[in-house]
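So the structure is just underneath, and the comments pick up after that.
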There are 2 protein chains.
Amino acid sequence: MTHVVGELEHPGVEDLDLVEVLQALGDPVRLQIVRYLASVDGRIACHEIPIPVSKSTGSHHLKVLREAGVVRTDVEGTRKYPTLRRDDLDARFPGLLDSVLGA
Amino acid sequence: MTHVVGELEHPGVEDLDLVEVLQALGDPVRLQIVRYLASVDGRIACHEIPIPVSKSTGSHHLKVLREAGVVRTDVEGTRKYPTLRRDDLDARFPGLLDSVLGA
């Protein structure tokens, strides 16, 4: 499957850093985003994620998750579609995401 | 429930919070402390942990780890002996510590 990743940068799987990933996950709103993304089938837009913060704060949290490599954000036109980088995280830090999602 | 060990407070296992634990682990020096504690057999004193920071900075990091419930610190006289709360973390967040230590 081919993803168009507009103008947004994403770290390669080999560049994922454990401290950055833990910091990205160590926030209640970001954990909520990650859990929601893990729970949905198919593609959803950023604004469809139910989080109790403003649009700009939500965008900031998604940026932190993207820059840490937790989330991949595809851009199409003016819309952004974030997905969890589950395979990349599992490859780099086996068991980490499962333990966080299971907690 | 809070357990007092010497004069230091420790959260009970039921009060361990995932966000706090992730934040505590999401620091390079604290990860170094956790990895060192996981690697040693027997009791060691705080000042024996090899970390590249000042004594006061090291104490701060150990306090963050203790307050998050990652480390238990026993006090004897003027000495502090930290140990990893491996069983408590494994009980509350199965697989988390192993995935972090294995990364």
Side-chain angles (χ1 to χ4, degrees), chain A residues 10-39 49-53 57-58 60-71 82 84-103, chain B residues 10-39 49-53 57-58 60-71 82 84-103:
Chain A
H10 295 75
V13 62
E14 69 283 2
D15 293 325
L16 297 184
D17 177 75
L18 179 61
V19 167
E20 280 184 55
V21 168
L22 291 170
Q23 286 174 350
L25 295 173
D27 176 275
V29 173
R30 291 197 292 269
L31 262 189
Q32 196 172 340
I33 293 172
V34 166
R35 287 189 167 124
Y36 184 76
L37 292 176
S39 75
I49 303 172
I51 45 175
V53 296
T57 301
H60 164 73
H61 285 308
L62 277 161
K63 181 169 180 275
V64 172
L65 290 168
R66 174 175 55 79
E67 289 179 344
V70 175
V71 158
L84 203 52
R85 293 179 63 176
R86 192 188 280 267
D87 290 347
D88 291 343
L89 290 166
D90 287 348
R92 192 78 177 73
F93 312 116
L96 178 61
L97 191 61
D98 281 342
S99 69
V100 167
L101 292 173
Chain B
H10 294 77
V13 63
E14 70 281 5
D15 293 324
L16 297 184
D17 178 74
L18 180 60
V19 168
E20 280 184 54
V21 169
L22 291 170
Q23 286 174 351
L25 295 173
D27 176 275
V29 173
R30 291 197 291 269
L31 262 189
Q32 196 173 339
I33 292 171
V34 166
R35 287 190 167 124
Y36 184 76
L37 292 176
S39 74
I49 303 173
I51 44 175
V53 296
T57 301
H60 165 75
H61 285 308
L62 278 161
K63 180 168 180 276
V64 172
L65 290 168
R66 174 175 56 78
E67 290 180 344
V70 175
V71 158
L84 202 52
R85 292 179 64 178
R86 193 188 278 267
D87 290 348
D88 290 344
L89 290 165
D90 287 349
R92 191 77 176 74
F93 312 116
L96 178 62
L97 190 61
D98 282 342
S99 70
V100 167
L101 291 173

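Chain identifiers are assigned alphabetically (A, B, ...) following the order of the sequence lines, protein sequences preceding nucleic acid strands; residue numbering begins at 1 within each chain.
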With only heavy atoms counted, which part of [X] is less than 4.5 Å from chain A, the side chain, the backbone, both or neither?
X: B:L96; answer: both
X: B:L25; answer: both
X: B:P94; answer: backbone

key: A:D90 side, atom CG; B:S99 side, atom OG - distance, nearest 0.5 Å   = 10.0 Å
key: A:L31, part contacting chain B, at a heavy-atom distance under 4.5 Å   = side chain
note = In terms of heavy-atom pairs under 4.5 Å with chain B, the winner among A:R30, A:R92, A:E20, A:Q23 is A:Q23
For chain B, the option from A:V19, A:D98, A:D17, A:L97 that forms the most heavy-atom pairs under 4.5 Å = A:V19
